[in-house]
> 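Take this structure first; my questions come after.
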Amino acid sequence: MSTALAHAESEVLEPKAQVVLPPRNEIATVMHAITAAANDPNVDIDKMERLLSMHERMHARANEQKFNAAMTKAQAAMGPISADAVNPQTRSTYASYAQLNRTLRPIYTKNGFALSFDTDDSPKENHIRVLCYVSHAAGHVRTYRCDMPADGKGAKGGDVMTKTHAQGSAMTYSQRYLLKLIFNVAIGENDDDGNGAGLGPGTGADGPRQSSDADRLADSLFHRLHGTKTDGEAAALWAEGSVALAETKRRDLYTEFKDTVIAHRRKLKAGARP
């Protein structure tokens with residue numbers, strides 16, 4: 001095979017890299033067309049409006065793409081969050097709003113996100129709708145919503161709090177659930193979120209023994225409360241139980257017991273059966 005032929009085959013089998021031109025900036029192109037149309041005294045108004053509408057849609061699409069890219073980056077930095085609270089009625093653990101906010105806020109703000117909450121009428125009876133507006137620095141805003149019961153009923157269907165407390169509780173629950181849903185957060189029940197780093201098993205900041213003792217105390221107080229027959233008995237139990245729960249430093253249990261005591265005493269004063 002001649003040298004010339006071999007060289008030709010080499011060029012066919014191994015083509016030289018071609019220079020790839022950068023993609024044309026479509027938004028800038030449309031903006032240039034708008035500027036040119038604006039300087040033309042004979043421009044068609046309908047054409048001008050179509051160009052402006054196209055420019056707006058392209059900007060919105062570009063901003064949404066930046067939103068999605070930032071969301072992917074933010075979620076990649078979010079690991080499982082440890083459960084730091086216990087629901088004494090359902091006996092289930094969960095991550096409180098304070099825990100979620102403390103862990104997630106530095107990550108999502110670093111990636112250009114801001115959250116704001118609002119309420120709206122819910123189509124469901126005895127529910128409250130909580131809205132979360134997730135805005136990104138690029139300009140795109142996405143709205144998330146959650147309809148939460150606000151009837152003051154407990155896990156067993158009984159009245160456990162006033163309507164006012166129920167509204168506040170529903171809003172707090174909704175904010176917590178929305179935070180989890182927006183960023184697809186996993187709650188790791190066995191993850192101490194770094195609080196117990198370097199410590200032995202079961203000796204974290206909120207180790208199993210401490211939580212178990214607080215839960216058993218709460219169970220006992222709830223059981224005794226439902227057995228009280230007079231307002232005086234309920235008041236005396238509150239005086240005892242509030243001090244004991246405060247010492248556990250479990251604000252969720254303290255608040256739950258307080259709300260239940262208030263509802264129970266109100267029933268007793270009204271002459272209702274406990």
Side-chain angles (χ1 to χ4, degrees), residues 56 60 63-64 66-68 70-72 74-75 78 80-187 250-267 270:
E56 184 178 347
N63 291 342
E64 184 176 10
K66 293 176 182 178
F67 180 104
N68 292 335
M71 179 63 74
T72 299
Q75 290 191 18
M78 296 175 179
I81 298 178
S82 63
D84 66 329
V86 176
N87 187 322
Q89 295 185 354
T90 62
R91 315 310 309 145
S92 59
T93 59
Y94 63 93
S96 65
Y97 178 80
Q99 174 88 328
L100 290 168
N101 183 65
R102 180 170 55 251
T103 306
L104 300 180
R105 183 187 290 265
I107 299 175
Y108 69 69
T109 54
K110 181 179 179 181
N111 285 277
F113 291 106
L115 275 58
S116 59
F117 292 93
D118 196 4
T119 60
D120 197 1
D121 293 333
S122 172
K124 300 180 180 180
E125 186 178 2
N126 293 323
H127 281 63
I128 182 173
R129 169 166 290 184
V130 176
L131 307 173
C132 182
Y133 303 107
V134 183
S135 59
H136 186 251
H140 185 71
V141 179
R142 189 170 296 168
T143 304
Y144 298 80
R145 57 185 54 84
C146 177
D147 292 302
M148 186 66 63
D151 55 7
K153 302 293 184 181
K156 297 182 180 180
D159 293 326
V160 297
M161 62 183 73
T162 66
K163 293 293 184 181
T164 301
H165 282 95
Q167 289 276 332
S169 178
M171 290 179 64
T172 301
Y173 280 149
S174 295
Q175 288 177 305
R176 177 159 54 87
Y177 290 146
L178 284 169
L179 266 181
K180 290 169 56 181
L181 290 171
I182 291 166
F183 297 109
N184 193 27
V185 176
I187 305 301
R250 287 286 301 278
R251 181 174 293 275
D252 61 308
L253 297 179
Y254 180 92
T255 302
E256 187 76 14
F257 183 60
K258 179 189 69 176
D259 291 341
T260 306
V261 168
I262 291 173
H264 185 69
R265 293 185 64 185
R266 186 172 287 110
K267 278 187 174 183

> How many angstroms lie between OH in Tyr133 and OG in Ser116, if you round to the nearest 0.5 Å?
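Between Tyr133 OH and Ser116 OG, I get 7.0 Å after rounding to 0.5 Å.
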> For a quick test of reading the model, state the closest non-hydrogen atom pair linking Ser82 to Gln99 and the distance between them.
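Closest pair (atom of Ser82, atom of Gln99, distance): OG-NE2, 2.9 Å.
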> Indicate the atoms forming the closest heavy-atom contact of Leu179 with Asn101, along with that distance.
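So the minimum-distance heavy-atom pair works out to CD1-N, 4.3 Å.
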> Going by ring-ring contact (aromatic ring centres under 6.0 Å, His included), name the residues that satisfy it together with His140, two or more places apart in sequence or in a different chain.
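Phe67.
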> State, to 0.1 Å, how close Ala170 and Ala150 come at their nearest heavy-atom pair, and which atoms those are.
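Looks like CB-CB, 4.0 Å.
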> Rounded at 0.5 Å granularity, tell me how far OG in Ser174 sits from CG in Leu181.
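Those atoms lie 10.5 Å apart.
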> Flag the pair Ile128 / Thr119 as yes when at least one side-chain heavy-atom distance between them is below 4.5 Å, and no otherwise.
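Heavy-atom side-chain distance check passes, below 4.5 Å.
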> Starting at NZ of Lys124, measure out to CE of Met148 and round the result to the nearest 0.5 Å.
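One gets 9.5 Å once the value is rounded to the nearest 0.5 Å.
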> Nearest heavy-atom pair of Ala74 and Ile107: which atoms, and what distance?
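Scanning both residues completely, I find the closest heavy atoms to be O-CG2, 3.6 Å.
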> Measuring only between side-chain heavy atoms, which start at C-beta, is Leu100 closer than 4.5 Å to Ile187?
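A side-chain contact under 4.5 Å exists here.
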> Can you list the residues that meet the side chain to side chain contact (heavy atoms under 4.5 Å, CB included) rule with Ala138, with sequence neighbours excluded?
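Here the qualifying residues are Asn63, Lys66, His136.
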> Applying salt bridge (Lys or Arg N to Asp or Glu O under 4.0 Å), name anything that partners Asp147, two or more places apart in sequence or on another chain.
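In terms of salt bridge (Lys or Arg N to Asp or Glu O under 4.0 Å), with neighbours along the sequence ignored, Asp147 is linked to Arg129.
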> Checking Ser96 now: which residues fulfil side chain to side chain donor-acceptor pair (under 3.5 Å) with it, not counting sequence neighbours?
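Result, side chain to side chain donor-acceptor pair (under 3.5 Å) vs Ser96: Asp84.
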> Does atom CZ of Arg102 have more than 12 heavy-atom neighbours from other groups under 6.0 Å away?
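Atom CZ in Arg102 is crowded, with more than 12 foreign heavy atoms closer than 6.0 Å.
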> So, taking the atom named CG in Leu131 and the one named SG in Cys146, what distance separates them when rounded to the nearest 0.5 Å?
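Between Leu131 CG and Cys146 SG, I get 10.0 Å after rounding to 0.5 Å.
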> Please identify each residue that fulfils side chain to side chain contact (heavy atoms under 4.5 Å, CB included) with Thr109, with sequence neighbours left out.
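With sequence neighbours excluded, Thr109 shows a side chain to side chain contact (heavy atoms under 4.5 Å, CB included) to Arg105, given in chain and number order.
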> Kindly write out the residues that satisfy side chain to side chain contact (heavy atoms under 4.5 Å, CB included) with Thr172, not counting sequence neighbours, or none if the list is empty.
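Not a single residue meets the side chain to side chain contact (heavy atoms under 4.5 Å, CB included) criterion with Thr172.
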> Any side-chain heavy-atom pair from Met171 and Phe117 closer than 4.5 angstrom?
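Side chain of Met171 against side chain of Phe117, heavy atoms only: no contact under 4.5 Å found.
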> Under the side chain to side chain donor-acceptor pair (under 3.5 Å) test, which residues partner Arg176, sequence neighbours left out?
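Applying side chain to side chain donor-acceptor pair (under 3.5 Å) to Arg176 gives none.
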> Pairs in or reaching into residues 133-145: which pass salt bridge (Lys or Arg N to Asp or Glu O under 4.0 Å), with residues at least two apart or in two chains?
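Found Glu64-Arg142.
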> Test your reading of the model: is there a side-chain donor-acceptor pair from His127 to the backbone of Glu125, 3.5 Å cut-off?
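It does hold such a pair.
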> At their closest point, which heavy atom of Ile182 faces which heavy atom of Met71, and how far apart are they?
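Here Ile182 and Met71 meet closest at O-SD, 4.0 Å.
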> Which residues pass the ring-ring contact (aromatic ring centres under 6.0 Å, His included) test with Tyr108, not counting sequence neighbours?
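Result, ring-ring contact (aromatic ring centres under 6.0 Å, His included) vs Tyr108: Phe183.
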> Just to verify, what does Lys110 make a side chain to side chain contact (heavy atoms under 4.5 Å, CB included) with, not counting sequence neighbours?
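Lys110 satisfies side chain to side chain contact (heavy atoms under 4.5 Å, CB included) with no other residue.
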